[in-house]
There are 2 protein chains.
Amino acid sequence: MDDELSRTFAALADPTRRAILARLADGPAPVNELAQPFDMTPQAISKHLKVLESAGLISRSRQGQWRPCRLEVAPLDAVTAWIARYRAAWADSFDRLEAEIKKMRHKEDG
Amino acid sequence: MDDELSRTFAALADPTRRAILARLADGPAPVNELAQPFDMTPQAISKHLKVLESAGLISRSRQGQWRPCRLEVAPLDAVTAWIARYRAAWADSFDRLEAEIKKMRHKEDG
DNA sequence: CCGATACTCAACCAAACGGTTTATAAACCT
DNA sequence: AGGTTTATAAACCGTTTGGTTGAGTATCGG
């Protein structure tokens with residue numbers, strides 16, 4: 001599990017981490033705020049953030065005693081590009097995509 | 001790691017499995033042909049195929065003594081749809097996508 | 001029937017993962 | 001200075017993962 005794409009997929013293969021990214025899509029947040037929804041110690045969240053950061057999916061800065069996390073979408077582009085190679089036709093794939101997105105609009109998931 | 005999306009991401013988080021999918025994008029193939037490029041026992045490949053199948057990324061049939069595997073793209077649509085939620089604007093994301101695909105055209109990866 | 005080929009199952013093993021607890025560092029606030 | 005809050009580090013632990021070997025199943029072809 002050393003290459004970029006593997007790290008990205010592995011990072012996304014966890015509901016907690018996807019939920020964290022979902023939260024970050026609404027804007028940056030410090031660790032304790034990210035940890036709050038989960039029945040889990042802050043240390044566990046810290047580990048998840050480390051995984052996300054090492055996959056390039058988030059970046060962290062410092063603001064006083066807080067460490068705000070920000071979503072970084074670049075690795076997601078790589079994923080989408082990789083997936084795009086497995087579609088026979090772009091038109092078809094976008095049709096399916098639209099259907100998927102419609103299905104998804106009323107779910108939350110992480 | 002029980003939900004659909006997690007299983008899909010986890011299945012994709014391995015270079016061997018991605019290489020298998022890449023091969024299958026050119027058409028169905030039996031296990032021994034899929035195993036051939038790898039320095040690994042057929043049993044290991046069989047395990048990988050099991051992971052891919054349980055993620056819905058391939059389907060297997062029987063043809064005599066062979067078990068041809070076929071690529072199934074439906075889970076990839078779910079992944080792309082999930083990722084799409086993290087783009088601020090579609091236009092931007094397609095621009096980036098194009099760039100990524102260009103970068104990728106001259107790589108092989110799995 | 002017999003052997004070869006294609007594939008899978010089961011047991012095992014080292015390494016990685018996802019969580020915990022304990023301890024530590026850094027910034028804030030009296 | 002001292003205590004609180006925010007966050008990470010380190011050690012540990014049970015489970016999963018990715019590979020192995022060895023045995024077993026199924027189909028083909030004499």
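Reckoned from all heavy atoms, side chains included, excluding hydrogens, waters and symmetry mates. So you know, we letter chains A, B, ... as the sequences are listed, proteins then strands, and number each from 1.
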Which label fits B/Phe9 and A/Phe9: parallel for a plane angle under 30°, tilted from 30 to 60°, or perpendicular past 60°? tilted
Do B/Ser6 and A/Arg18 have side chains that get closer than 4.5 Å, going by heavy atoms? yes
note: B/Arg7, atom CZ; D/dT16, atom C1'; distance rounded to Å ~ 15 Å
Taking every non-hydrogen atom, the tightest pair across A/Ala29 and A/Leu24: N-CD2, 3.8 Å
Kindly say whether A/Ser61 contributes a backbone atom to a donor-acceptor pair with the side chain of A/Arg67 at under 3.5 angstrom? yes
Distance in angstrom units between B/Trp66 CH2 and C/dT8 P, rounded: 14 Å
Is B/Asn32 near enough to C/dC7 that one of its side-chain N or O atoms lies under 4.0 angstrom from OP1 or OP2? yes
Nearest-angstrom distance from the residue atom CZ of B/Phe38 to P of C/dC7: 15 Å
Tell me whether the OP1 or OP2 atom of D/dT6 has a side-chain N or O from A/Arg62 closer than 4.0 Å. no
Quick one, which residues of residues 43-56 of chain B touch DNA chain D with a heavy atom under 4.0 Å? B/Gln43, B/Ala44, B/Lys47, B/His48
Measuring to OP1 and OP2 of C/dA27, would you say a side-chain N or O of A/Arg67 lies under 4.0 angstrom away? no
Nearest-Å distance for atom pair CD/P, residues A/Gln36 and D/dT5: 16 Å
Between A/Thr80 (side chain) and A/Leu76 (backbone), is there a donor-acceptor pair under 3.5 Å? yes
Whole-Å gap separating C1' (D/dG19) and CE (B/Met40): 8 Å
Among B/Lys50, B/Arg17, B/Met40, find the residue that satisfies the side-chain contact (heavy atoms from CB on, under 4.5 Å) test when tested with B/Ile45. B/Met40
Side chain of A/Arg17: nearest nucleotide among C/dA6, C/dG18, C/dT20? C/dG18
B/Arg60 or A/Gln65: which one's nearest nucleotide on DNA chain C is closer to the 5' end? B/Arg60
